[in-house]
Every structure is written in C-alpha cells, then in structure tokens.
Amino acid sequence: MAKRDEKAITPRGEDYSQWYQDIVLKAELADYSPVKGCMVIRPTGYALWEATQRALDGMFKETGHVNAYFPLFIPMSFLSKEAEHVEGFAKECAVVTHHRLSAKEGGGVEPSPDSVLEEPLIVRPTSETIMYAMYAKWIRSYRDLPLLLNQWANVVRWEMRTRLFLRTTEFLWQEGHTAHATHEESWEEVVRILDIYARFAQEWMAVPVIKGLKSESEKFAGALQTTCIEAMMQDGKALQAGTSHDLGQNFARAFDVKFQDEKGEWQHCWQTSWGVSTRLIGALIMAHSDDQGLVLPPRLASTQVVIVPIYKDDAGRARVLESAGALKSRLMEAGFGAVLDERDTVSPGFKFNEWEMKGVPVRLEIGPRDVDQGACVAVPRVPTRDLREGEKRQKETVPLERAPEVLRGLLDDIQKALFARALAFREERTWPVDDYADFRERIEGGGFFLGHWCGSGDCETRVKDETKATLRCIPFEAPAEAGKCLVCGGESPRRVIWARAY
RNA sequence: CGGGGCGUAGCGCAGCCUGGUAGCGCACUUGGUUCGGGACCAAGGGGUCGGAGGUUCAAAUCCUCUCGCCCCGACCA
C-alpha cells in the first residue's frame, strides 16, 4: 500500500524542526504568508486559539478582570519614557512614518514625501505605554484601585528569525495590565495570574510547566521582576509559555500614574502586566504530536470525535449512515464536538489517517457488523493504557446507547494520559548537575539541568556563551538547598533550571 | 548580516555534471472494480523550468546578474 508521503517525520529525531513544520502545514493550522515572518492562521489553527481565549477569559473574569481595547499605534515618544523598556524594544519596532501614498514615476506607488508624520508611530510591540498613558487619566483615588484590565490584540515585533507560531513578526496575544495601591497587592496579582497560566497549560493543554522567577537578564524590559511558566518540548528544549511581570512603580513614575490614598497623600501605583500568545499553539503541537501528526488534548479540540461510517454498497451505506447520523446527534446533544465523515470519495483507511493527522482525539467506526449489534468501535488517537501483545491500536466496542458516557470517559482518560506522558517525558530529561564540564557535555542532548547558581550575571553569560543554554527560571517550588555555583563555585541558596530554549 | 540548501505541473521531486526542445509520484478528470488502516486497473487534462541578460545552430542544463524561499547562526517580553 503506497504511503501518501514518503518523507518520515520524527518528533525527537534530527529533523525535529521539519517535523514540527510538517505538522503545522499538513494539519492546516497555519500557512506562510506573502509577508515574510508573518503567518496566516487557518480556521483549524484559529479554532485552537479561540478555545484558548474562551478558557483564559473565563478564568480572568472569575478573578475580577475585564476586557478593553487600546490603539494599535503608539506615538514613538511614549516608548522612550521608561528607560529599560525602550532599550528592550527599540531594536524590533515597526515604524509608521507616512500617511499617504502617491504615484511613482514609471508606475507603482511610494510613500508620499509630503505626508511625513510629525511624530512617527510605532506598531505596538506591547501596550504598557499606550495603556498607562490612559491609566494616568483614569486613576485619581485609592477607590479607583485595583484597575484590572485585559486586552486581546495583535502585536508586532520585528524579530530577525521567525518560526510558525513560536516566533512570528505579528502575533495574537492577551495582555493584562493592572494597577494596585500596594506592592503586596500587585505581587499577589502577579502570582494569581501565573497560577492561572499554569492551570491553563496543565489542565487544558495537558502541558506540564514549571513556575519560576526570571533572572535579571531575562526579565521583561522595565519590570522589577518577571515570573514565567516554562515547558519542555519533545526535543528537550525549553519553551517559555507565559509571563507575569511585577512592574513595581517603574511605569507609574514614567507615566505619572498616581492616586491619593486614604490620608490624601499622592502615591504612584504598583502595576503588573502579563501575557500569553499564539505561541501556546506551538507549544501544544511540540509537546504532544507524534509521527502520525497532530495530537490535541480533548479539552481544547473543537472536534472531539469523528464518526467514520464503513460500508460496501449503496444499501449498506444508507443503513450505516442512518445509524451514524443518529449517533452524531446523540453525541452533539450530549455536548460533544462531533463530526460525521460522510464522504463517499475516499476510503475508510484514508479517513482514519487523515483524522489522526488532524489530531481528533477519538474516532468512532461504525459498519454493518456494528449496526447489527447496535454498537460502534471507539479508537483513541493516543492509547490510554499499555497496548496488549500484537495490538496495534487501542479499540473498544461500545453499545450505541452508552456511547456518550464511554466517550466522556475516554476523553478524560486521553486528557490525563497526555499530561502524564508529557510529565514523564520531562522528568526523564531533568537532572541535577554539579560539574560544569559534565553539564557542557550533556546539554547537547537537551533536557533541563538543575544546577546551583551564585546569582551573578557573569556566570549566566558565561553559560550562555559556552553552552547556548540559558537560565530558564528560578523555580518557586524548588527546596532551599545550599550549594556551590555550577560555574564559579560561589555560594548558592538553591538550584535553578538551565536549558536550551526556543 | 554571515554560513548552507533550494526555486522545474496544485503538492513533493528527478533531469543539470556530459546542451538536442521536459519527466516521475501524489493530487485532479472520466469509466469500471473496490471500501473494517492511506484501494486498484485503464484512459485523460495540466508546466512562462523564479526573473533578466549572455554564449550557442540549439539552454531547464553552461556563464553573469537578480529576486524569492527554507535551515543554521547572530537577535529575541
């Protein structure tokens, strides 16, 4: 039987990058666009983002946040009001300098020379500046606090090298920006949001993450401190999946965001900002997918189950489709995202492979034999238990009337199995390391390395230069443990995570 | 911006070294047999060989220039 594609795809092999792109393109999640560095998100990919939005938005609202929207364009001068901020973003800003085109000699158009903007506008790389300019107007009293806003938007960062979903010139994200009366309160917010991100990653995406603090060199430009969640991809590299920043009073001072407290004294607000982006979709793909294609966690899959009818002739087709249609209705009424693949132009085998490639968590096969006994055959995209001897795929015959409850259980099992598998994968590739030479050798194979660190930027830089690994985070949940810095031998209070990253 | 690779049918590629007027697989169309893991047989349709210039009787093939894409690196809340 001829395979559709000769080229093998290997999640953990040398062609990991190619494998990843193959999945994105073949599962029709996204495509390259005419604009270099930007991607087109296709309906199947966008559905994942919508599911992400729904889930996160629910959690934000539960904790008192509301959505708003601020302009795409930011006056150039705004960016430079906070010194570290401008330094961090100046190198990757798209700048709008004209507001009109005019016909060019010899055809075509060009920016009209007489339409130069008085002040150039930058396309937002993030919205701290434009939002806080408004916060300064809106906040007057401690009674106006806390201000808890979130915005779903696109941002542009002119990165030198891009990769579908993981780092694109334009990307979609959510950015929350809050203002508080005290540092205690704002820090609580930072942690509250980081917890939401971790919960979403683990409970919805089934991607285990480590919560921690960024080092001085890795923190957000303009923040006091940056917290993050870090995940491990199937090539052993780390991916920062979300950040939550303690901005202190840095931006409040730069933008004059002040309030009068109960005693009538003017104080600068304590602020936070936090965000996750479409990069999460990349994380999802890289964490779970396999050589068969995309693997989606049931909680995020818009199509949770596909019904594939099997028949030999027109009479059989009518009979099977009747049962299959009733089954689909029953499942949809029970709240599942169900699709019935009625196509008569491709074989069942073709459908099996195609839906597996698209990552649909469960397939239900229904053929004449099943109709006779009022049943169907359930096949999960990934096994939820160890396969028996000689068993290629986990299959289970299910009476039609029990299909919803069996499906419910199967989807739950898949969700759990994916998380367990990803967690085991990470734990198998996480090691304590105390010898720098040993570390330099083993980092080549990927993985997380727990090493002591004295806290100096010099040691951090040296590791980066010599191993291409970076300090991913100082984990919150790591036990205090005195030791010697991996690099310089200086005093260290706890182990931190070193890894190569995306 | 450096290093490497690639532009030939909708997709994936061969042909180039050694010039002779374009081919394979998939997809597509038609007919038939199939259909519980990517079906088979037969007959078809489809190409400015990325672009420009040069060499030559003759260029996908050789030379020069150019445009674009991908990978690695530099860069990256």
What nucleotide among [options] has an atom nearest to a side-chain atom of [X]?
X: A:S17; options: B:C76, B:C71, B:G36; result: B:C71
X: A:F89; options: B:A39, B:G37, B:A77; result: B:A77
X: A:E356; options: B:G37, B:G36, B:C76; result: B:G37
X: A:A221; options: B:A39, B:A77, B:C76; result: B:A77
X: A:R393; options: B:G37, B:A77, B:G36; result: B:G37
X: A:M160; options: B:C76, B:C75, B:A77; result: B:C75
X: A:R157; options: B:A77, B:C76, B:C71; result: B:A77

Handout entry: B:G25 versus B:C65 - spacing of their C1' atoms, nearest Å
Key = 35 Å
So that I can tick it off, tell me whether [Y] and [X] are bridged by a salt bridge, with the cut-off set at under 4.0 angstrom between side-chain N and carboxylate O.
X: A:E28; Y: A:K358; value: yes
X: A:R381; Y: A:D290; value: yes
X: A:E342; Y: A:R317; value: no
X: A:R319; Y: A:D372; value: yes
X: A:E354; Y: A:K351; value: no
X: A:E128; Y: A:K81; value: no

Side-chain N,O ([X]) to OP1/OP2 ([N]) below 4.0 Å:
X: A:Q21; N: B:C71; result: yes
X: A:K36; N: B:C70; result: yes
X: A:T226; N: B:A77; result: no
X: A:K351; N: B:G37; result: no

Pair assignment for [N], Watson-Crick or G-U wobble, requiring both distances under 3.5 Å:
N: B:U29; value: B:A43
N: B:G23; value: B:C13
N: B:U34; value: none
N: B:A74; value: none

Exercise for the section: Carefully, step by step, assess A:H180 and A:W270 under the rule ring-ring contact (aromatic ring centres under 6.0 Å, His included). Expected result: CA-CA 5 Å; A:H180 308 260; A:W270 294 86; over 10 Å; no
At 4.0 Å (heavy atoms only), tell me whether [X] reaches a base, stays on the sugar-phosphate, or touches nothing.
X: A:K214; answer: nothing
X: A:P125; answer: nothing
X: A:V346; answer: nothing
X: A:W173; answer: base
X: A:D344; answer: nothing
X: A:G367; answer: base

Problem - Of residues 67-87 of chain A, the positions that come close to RNA chain B - non-hydrogen atoms, cut-off under 4.0 Å - result: none
Exercise for the section: Give the C-alpha distance, both sets of side-chain angles, the deciding distance and a yes or no for side chain to side chain donor-acceptor pair (under 3.5 Å) between A:H177 and A:S273. Expected result: CA-CA 4 Å; A:H177 295 266; A:S273 74; 4.6 Å; no
Practice task
Spell out yes or no: do the side chain of A:Q240 and the base of B:A77 have one donor N/O and one acceptor N/O closer than 3.5 Å?
Solution key: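 Pair found.
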Problem - Heavy-atom neighbours of A:E110 CD exceed 12 at 6.0 Å - result: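 Counting neighbours around CD of A:E110, more than 12 heavy atoms of other residues, nucleotides or ligands fall under 6.0 Å, so yes.
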Handout entry: Residue closer to the 5' end of RNA chain B, A:K464 versus A:R163 (nearest nucleotide)
Key = A:R163
Exercise for the section: Assign each of A:V35 and A:I366 to its nearest nucleotide of RNA chain B by heavy atoms, then name whichever residue's nucleotide is nearer the 5' end. Expected result: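 Nearest-nucleotide comparison on RNA chain B picks A:I366.
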